[in-house]
There are 2 protein chains.
Amino acid sequence: MKEEFFIATIRDVAKLAGVSVSTISRYLNKSGYVNAETEQSIKNAIEKLNYAPNQVARGLAGKKTNTIALILPDISNLFFSDLARAVEDVAATYGYTVIFGNSDDQGVKEKRYIETLKQKYIDGIIFASNTFGHEDAEMLTKLGIPYVCLDRGPDEQNASIVRSKNREGAAMAVQHLLDVGCRKIAHIYGPQNLITGKERLIGFEKSVQHLDWYTPSLLEPADFRIAGGIEATERLLERHPDIDGIFAGNDLMAIGALKALHRMGYRVGEQVAVCGFDGIQTTEITMPELTTIAQPIYDMGALISRLLIKKIEGTLEEDRLYELDVQLIARASTLRRKEGHDTT
Amino acid sequence: MKEEFFIATIRDVAKLAGVSVSTISRYLNKSGYVNAETEQSIKNAIEKLNYAPNQVARGLAGKKTNTIALILPDISNLFFSDLARAVEDVAATYGYTVIFGNSDDQGVKEKRYIETLKQKYIDGIIFASNTFGHEDAEMLTKLGIPYVCLDRGPDEQNASIVRSKNREGAAMAVQHLLDVGCRKIAHIYGPQNLITGKERLIGFEKSVQHLDWYTPSLLEPADFRIAGGIEATERLLERHPDIDGIFAGNDLMAIGALKALHRMGYRVGEQVAVCGFDGIQTTEITMPELTTIAQPIYDMGALISRLLIKKIEGTLEEDRLYELDVQLIARASTLRRKEGHDTT
DNA sequence: AACGTTTGTGGTACCGTTACCACAAAATCA
DNA sequence: TGATTTTGTGGTAACGGTACCACAAACGTT
């Protein structure tokens, strides 16, 4: 246990290959000239010594560590764990390692991570956290640390941002609910300090405000969580027992609506249609299965990761906003209405 | 954009404080003597320069990076994202940063991570992956990289392992199903190359083998996934349409069972009771809510993380196996049977 | 008074790379 | 043929810390 495994350094390789460390370094980085024969003997030496360049030393010398960080509110949140998977997949193929941190949407925690990451010469950061503010952005820019954001950036014009078409998605949800025969649709909307919450609400309002049955009391706020969805649904049904469609601002709240409706004796799908937003895996698990406006979560993670790496490597032409298409996944929670104008 | 933010080094601090770098270093690491007045001026200098020691340089000099890695099959799996959350929480409080990698239970990927981590002077690794084998373990030991394992280690006696009481949990599940009145219980078991799959099967068999209704054809293999659970349930019901209880080897398969039963017209809870294993969040979402043997996922993650850090810092007395208690969470998927010997 | 110990400090080699410069031999050009 | 460029190589100072050693002053101790 004490015989400390031997780890070869570039000097060991140089000695064995009979050349200088400079030559090895040049060979490794494909910078500068190195003769064909020399190259071969270097290869042999590396092979024999099982040499692999030390990344920490490289990091110190070059201020590049091949590591990126992913700051998100909570990795145990279904949406973010899916995202994290995509980020890591892409990062790995490009030779990057991923560090992650849970901010719980608390600015303090986020700042603490940034501080740590700076001392570790991290190459870039992905922010999927909502507390990322102006001063953080400014500091990172000054430090020369590239970053990209999910959903929202501190200054929309000066950063790469990936999100999906929230307004359009909300409109699609409403249209689908109308298509299946709903004639009184409520919306449980998410926190208005989150762009997703806000945009989906706007999208909903725009789609329904011209309809005769619409009244603002069909709007009910909640917190993007299951329990919040349950409570909001209860409040809504108290005001409007005749609601026949609910569009929830995200899937978790939609699941809450499902539970509440079920508990109160409504038949979901037949009597009341429910549509969520996000497309998390769990929507396939509910009973009935949940109709949802699916964000391309994996694609978003892959894209944002690729953008960051491009930015790090200086091959990103320009910072801009990417708004990805969403997709309606119609399932059993929104069946076609039997009653009403249906003529069959 | 070109004015490159100034980042102070230990030498800048030394100059400003009017002492040598040695003294600063001693102050920072609380190693060796430093006069009270000197200390004050060092503090001032650090404050003024907003200095924070560079971790990469530290890493190179001391071969310690305050970084640990978490290798798991898939971060987007509900169980592992919960675990990851706990690991990161604990790591952060001890001043460690967490790198994660998805192995997809492929040995190649896992080895690739180990290789990378070695070059990065990672301080330790948590393996929640099932492909972690003997040679990997040996190599890490030789390299002097501490590691701890979830569920299973390559050599049980020589590593710290955290798991939960799988056999006992299986017995609890059976007992609960019997308690609610089940008299013909099937078991959908997981992959037998996974310790969780194997132990839960053993626990089940031991609990039922002496019962008169038991027959091995009540056992059905699946793959720990929802779709697998559905198929297994279908096969089981074909053989034994009168099954009144199903114990699934994990929650995902139990969810599959729920779906299959529902689809086939069985009333889950009343006619057939279903019990899962793991205690993932999603069990609260199903309808009916799923009874499960809950592993203390967060505690497991926290413990394993703490063990690794202790091992890194040399304060772990001995390597051993930790088997944590599981807990029955009885919910609507296992209601008390009405039929049979019930006298009311 | 002579000696040993504690306190306080600085100098510098090293950790394992990369980047820059210097230099020489070979190849190309006028 | 001499000048210029290309090819190939080595030396060494960084990168930003830590750790060991040397040294001196202050303090006790007998």
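Convention: sequence-line order gives letters A, B, ...; per-chain numbering from 1.
Protein atom CD1 of Ile10(A) is 18 Å distant from nucleotide atom P of dC14(C), rounded to whole Å. With rounding to whole Å, Lys64(A) atom NZ is found 12 Å from dA19(C) atom P. At whole-Å resolution of the value, CD in Gln119(B) and P in dT18(C) are 12 Å apart. Here the P atom of nucleotide dT17(C) and the CD1 atom of Ile46(A) are 10 Å apart, to the nearest Å. Across the protein-nucleic acid pair, Ile7(A) atom CD1 and dC15(C) atom P stand 13 Å apart, rounded to whole Å. Atom CZ of Arg26(B) and atom P of dG11(C) are 11 Å apart (whole Å). The distance between atom NZ of Lys63(A) and atom P of dA19(C), rounded to the nearest whole Å, is 12 Å. Straight-line distance from the CG atom of Asn66(A) to the P atom of dT17(C): 14 Å, rounded to whole Å.
Side-chain atoms of Ile297(A) and Phe79(A), non-hydrogen and from C-beta on, do get closer than 4.5 Å to each other. Counting only heavy atoms from C-beta outward, the side chains of Tyr322(B) and Leu303(B) approach each other to under 4.5 Å. In this structure the side chain of Val162(A) reaches within 4.5 angstrom of the side chain of Leu307(A), judged on heavy atoms.
Residue contacts for Thr23(B): at a heavy-atom cut-off of 4.0 Å it reaches the sugar-phosphate backbone alone, with no base atom in range. Within the nucleic acid shown, Val19(B) comes within 4.0 Å of sugar-phosphate atoms alone, with no base atom in reach, counting heavy atoms only. Nucleic acid contact class of Tyr51(A) (heavy atoms, under 4.0 Å, all strands): sugar-phosphate only. No contact: Tyr27(B) has no heavy atom under 4.0 Å from any strand. Nucleic acid contact for Thr9(B): sugar-phosphate only, since backbone atoms but no base atoms lie under 4.0 Å from a heavy atom of the residue. Across all strands, Thr38(A) comes closer than 4.0 Å only to sugar-phosphate atoms, never to a base (heavy-atom distances).
Dashed line: the shortest gap from a side-chain N or O of Ser20(B) to OP1 or OP2 of dG11(C) is not under 4.0 Å. Put simply, Tyr121(B) has a side-chain N or O that comes within less than 4.0 Å of OP1 or OP2 on dG16(C).
In this model, no side-chain donor or acceptor of Arg58(A) finds a partner on the base of dG16(C) within 3.5 Å.
Between chain B and DNA chain D, the heavy-atom contact criterion of under 4.0 Å yields a 5' to 3' nucleotide range of dG16(D) to dA19(D).
Under a cutoff of 6.0 Å and an axis angle of 45°, Lys30(A) and Tyr27(A) form a cation-pi pair. A cation-pi arrangement is not found for Lys118(B) relative to Tyr113(B), the charged atom failing to lie both closer than 6.0 Å to the ring centre and inside a 45° cone about the ring normal.
Side-chain N/O atoms of Thr67(A) and Lys120(B) include a donor and acceptor closer than 3.5 Å. Ser164(A) and Gln295(A) share a donor-acceptor pair across their side chains, judged by distance under 3.5 Å alone.
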Apply the test side-chain hydrogen bond (donor to acceptor under 3.5 Å, both in side chains) to residues Ser25(B) and Ser22(B): give CA-CA distance (whole Å), side-chain angles for both, the deciding distance (0.1 Å), then the verdict.
-> CA-CA 5 Å; Ser25(B) 178; Ser22(B) 315; over 6 Å; no

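Closest-nucleotide positions on DNA chain C for Ser25(A) and Ala61(B) were compared, and the one nearer the 5' end corresponds to Ala61(B). Mapping Arg11(B) and Gly32(B) onto DNA chain C by nearest heavy atom places Gly32(B) closer to the 5' end of the strand.
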